[in-house]
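Numbering of residues begins at 1 and proceeds along the displayed sequence. As a basis for the values below, the full set of heavy atoms in this structure was taken, side chains included, without hydrogen atoms, waters or symmetry mates.
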Amino acid sequence: MNKPTPLSGFPEFLPSQRTVEREVIATLSRTFELHGFGNIETRAVEPMDQLLRKGDTSKEVYVLRRLQEDDSSRDKGMGLHFDLTVPFARYVLENAGKLEFPFRRYQIQKVWRGERPQEGRFREFAQADIDIVGRDTLPFHHDVEVARVMLEALGKLTFLPGFTLQVNNRKLIQGFYAGLGAPDVEETMRLIDKLDKMPAEEVGKLLVSEAGLTDEQAAKCLELATITATDDSFVEKVRALGVESELLEEGLTELATLITATAPLNTDSVRVVADLSIARGLDYYTGTVFETRLDGYESLGSICSGGRYDALASDGKTTYPGVGISLGVSRVLVPLVQKGVLDGDRKVPSTVLVAVSDEESRAEADSAAQQLRAHNVACEVSPNAAKFGKQIRFAERRGIPYVLFATEGGYEIKDIRTGDQVPADPATWTPQNESDLKPQVVANNEEKK
C-alpha cells in the first residue's frame with residue numbers, strides 16, 4: 001500500500017491521545033448515570049426525509065449509496081446522521097410503548113457532517129448528549145436539571161480549561177420582539193443569532209433591511225442582546241427597556257429560576273451566565289437555550305449547546321416534549337490534543353513490563369504476566385531478551401512505570417521513575433499509587449497555540 005493521503009475533517013488519535021478521549025467519555029458516562037440517565041446507541045443512518053426536517057441541513061448530510069446502486073435499491077434515500085437529536089426523536093417514537101416517561105437518556109456517539117473542516121469543526125466527530133423527554137407535558141424543572149447535570153459533568157473534567165455556560169430563553173426574546181412590534185419575529189431572532197460572528201452595527205443594519213424593523217426597534221433589540229448576568233438581576237434590566245408581553249414575562253420567570261437554581265454550581269472553572277444574545281438558530285427550540293464557551297478557546301464557538309423543544313417528536317396523537325444539551329467531545333478535545341495541551345502519560349495501558357532474562361525463560365515470564373493480569377494489573381512481556389538496561393529503556397519509551405525482574409529467590413519490581421526496586425510476588429503485587437493502574441491524562445498548562 002502506498003503512503004495514504006490524509007483526509008481533513010476526520011481526526012484520529014494516537015494511543016496516548018486516545019487516553020484523553022476515553023477519560024472524558026468515562027467521566028461523562030459516570031456522571032450521567034449517577035443522575036439516572038440510561039445509555040442508548042442509535043443506528044448511523046436515517047431516512048433523508050427525517051434528516052432534512054431540522055431546517056437548512058441539506059448541504060451537511062452525507063448520502064449513503066452503494067457503488068452499484070439503481071433507482072429501485074432499498075438503500076436509496078438514506079444518509080448518515082449529522083447530530084444525535086434527529087435519531088433520538090425517531091427512537092422515542094418507535095419505542096414509546098416500551099419506554100417509561102419521563103425518559104432520561106444519554107448517548108455518546110459519532111456523527112457525520114459535510115461542512116468545511118476547520119479548527120473545532122470536523123466531518124466526523126463524537127458528541128455526548130443528555131435529554132429528558134416527557135409524554136405530552138414536561139415540567140420546567142427538567143430544564144434546570146439537565147443544566148445542573150452537564151455543569152457537574154464538565155466540572156469533573158479538571159484537566160480541561162474552564163467553561164462558561166450561557167443560558168437564554170426563546171420565550172423571553174420572542175416575547176420581547178413581539179411586544180416591540182417586530183413584523184417578523186423569527187427573522188429578527190435569526191439575525192440576532194449572528195452577533196457572535198458579525199459586528200453589532202452590521203446586524204443592526206440587517207434588522208432594518210431584512211427584518212423590517214425601524215432604527216429604534218433595531219437599537220432596542222441590540223440593547224437587549226447586551227444584557228448578561230450571573231444572577232437574576234437581568235430581569236429588571238430587561239423591564240427597564242419598556243417592552244411588555246405575557247410571553248416575555250414567562251421567559252423572564254423561567255430564566256431567572258434556572259439561573260438561581262444553578263448559581264451554587266458556579267466555580268472558578270465552571271460558570272453559568274444569563275446571556276440574552278443567545279438565540280440558537282434551529283427553529284424547534286421553544287424555551288431554554290444553552291451555549292457554552294471554552295475559556296481561552298472562544299474561537300471554537302459553542303462547544304456545548306441545546307435547549308427545550310416542546311414538539312420535536314409527535315405521532316399525531318401524542319407529543320413528546322423534551323429538553324437536552326449536547327457536548328461536542330471532538331470539538332473540545334481535538335484542538336487541545338493537537339496543540340499538545342492534553343495527552344496521556346503512556347503510549348500503552350501497561351503498568352508493568354515483565355523482563356525476559358533469556359528466551360528459554362520466556363514461559364516463566366508469560367506465567368508471571370498472567371498472575372499480574374489475574375488481579376487486573378495490565379502488563380506485557382518484553383519482546384526480546386536484550387540486556388536489562390535496554391528493556392528498561394524500552395519501558396521508558398512506552399511510558400510503562402514498572403519493570404518486573406526474575407531473581408534467584410523470586411521476583412523484584414523496579415519503579416523506573418524513582419529507581420526504587422523491591423521484592424514482589426506477581427500473584428499479589430499492585431502499585432501503591434492506584435493511579436498507576438491505568439494511563440493518566442496530563443495537562444500542559446502552557447498552551448501551545
Side-chain angles (χ1 to χ4, degrees), residues 55 143 147 163-260 262-263 271-295 298-308 325:
D143 292 39
F163 298 88
T164 301
L165 178 65
Q166 302 160 296
V167 190
N168 199 1
N169 193 293
R170 295 267 288 217
K171 295 175 185 177
L172 189 163
I173 53 180
Q174 285 177 314
F176 184 90
Y177 301 151
L180 192 63
D184 190 337
V185 170
E186 293 299 323
E187 181 64 9
T188 301
M189 193 154 33
R190 187 186 70 82
L191 293 172
I192 288 292
D193 199 43
K194 294 179 178 290
L195 280 170
D196 63 340
K197 304 178 184 69
M198 297 174 59
E201 183 179 346
E202 290 186 31
V203 173
K205 292 178 181 177
L206 292 175
L207 288 170
V208 173
S209 63
E210 296 185 15
L213 272 63
T214 65
D215 289 337
E216 183 180 354
Q217 288 173 325
K220 287 268 190 182
C221 291
L222 292 174
E223 190 173 355
L224 177 75
T226 64
I227 295 175
T228 63
T230 56
D231 54 27
D232 61 4
S233 61
F234 68 89
V235 174
E236 292 307 317
K237 294 178 183 178
V238 173
R239 288 176 178 156
L241 296 177
V243 177
E244 297 181 359
S245 86
E246 186 176 333
L247 188 62
L248 169 61
E249 285 302 315
E250 187 177 343
L252 282 170
T253 299
E254 289 187 353
L255 184 56
T257 300
L258 191 150
I259 290 294
T260 301
T262 55
R271 296 162 301 282
V272 189
V273 177
D275 187 329
L276 305 197
S277 69
I278 303 301
R280 301 294 298 149
L282 300 171
D283 57 8
Y284 60 75
Y285 289 118
T286 55
T288 303
V289 285
F290 305 104
E291 289 193 355
T292 311
R293 263 59 182 185
L294 186 65
D295 294 352
E298 288 78 9
S299 62
L300 295 177
S302 179
I303 52 89
C304 181
S305 58
R308 175 74 175 228
I325 188 166

Interatomic spacing from [atom1] in [X] to [atom2] in [Y] - rounded to 0.5 Å:
| X | Y | atom1 | atom2 | answer |
| --- | --- | --- | --- | --- |
| Phe290 | Leu258 | CZ | CG | 5.5 Å |
| Gln174 | Asn169 | CD | CG | 9.0 Å |
| Leu222 | Ile192 | CG | CD1 | 5.0 Å |
| Leu252 | Leu172 | CG | CG | 4.0 Å |
| Cys304 | Arg293 | SG | CZ | 11.0 Å |
| Leu255 | Asp143 | CG | CG | 10.5 Å |

I'd like to check [X] versus [Y] (side-chain heavy atoms, cut-off strictly below 4.5 Å). Are they in contact?
| X | Y | answer |
| --- | --- | --- |
| Asn168 | Val289 | yes |
| Ile227 | Leu241 | yes |
| Phe163 | Asp295 | no |
| Ile325 | Leu165 | yes |
| Thr188 | Leu207 | yes |
| Arg170 | Arg308 | no |
| Tyr177 | Leu213 | no |
| Phe176 | Leu276 | no |

When you compare the side chains of Arg271 and Thr164, does any donor N or O come within less than 3.5 Å of an acceptor on the partner?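 Note: Arg271 and Thr164 side chains meet the donor-acceptor criterion.
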Look at atom CD of Glu244 and say whether more than 12 heavy atoms of other residues, nucleotides or ligands are closer to it than 6.0 Å.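 Counting other residues, nucleotides and ligands, CD of Glu244 stays at 12 neighbours or fewer.
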The test is side-chain contact (heavy atoms from CB on, under 4.5 Å); show your working for Leu248 and Val238 and say whether it passes. CA-CA 9 Å; Leu248 169 61; Val238 173; 4.1 Å; yes
SB check Glu236 Arg239 (cutoff 4.0 Å):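 The answer is yes: the pair qualifies as a salt bridge.
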Quick check: closest heavy atoms across Gly212 and Gln217, and the distance to 0.1 Å?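 Scanning both residues completely, I find the closest heavy atoms to be O-OE1, 4.5 Å.
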Please name the pair of heavy atoms, one in Ala225 and one in Ser277, separated by the smallest distance, quoted to 0.1 Å. O-CB, 3.3 Å
If we ignore hydrogens and angles and just use 3.5 Å, is the side chain of [X] paired with the main-chain N or O of [Y] as donor and acceptor?
| X | Y | value |
| --- | --- | --- |
| Ser302 | Glu291 | no |
| Thr260 | Thr257 | no |
| Lys194 | Val203 | no |
| Glu202 | Pro199 | no |

List in chain and number order the residues that pass salt bridge (Lys or Arg N to Asp or Glu O under 4.0 Å) with Glu210, two or more places apart in sequence or in another chain; answer none if no residue qualifies.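 For Glu210 the salt bridge (Lys or Arg N to Asp or Glu O under 4.0 Å) partners, ignoring immediate neighbours, are Arg190.
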Only one of Asp196, Asp275, Thr228 passes side chain to side chain donor-acceptor pair (under 3.5 Å) with Gln166; say which it is.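 Answer after filtering Asp196, Asp275, Thr228: Asp275.
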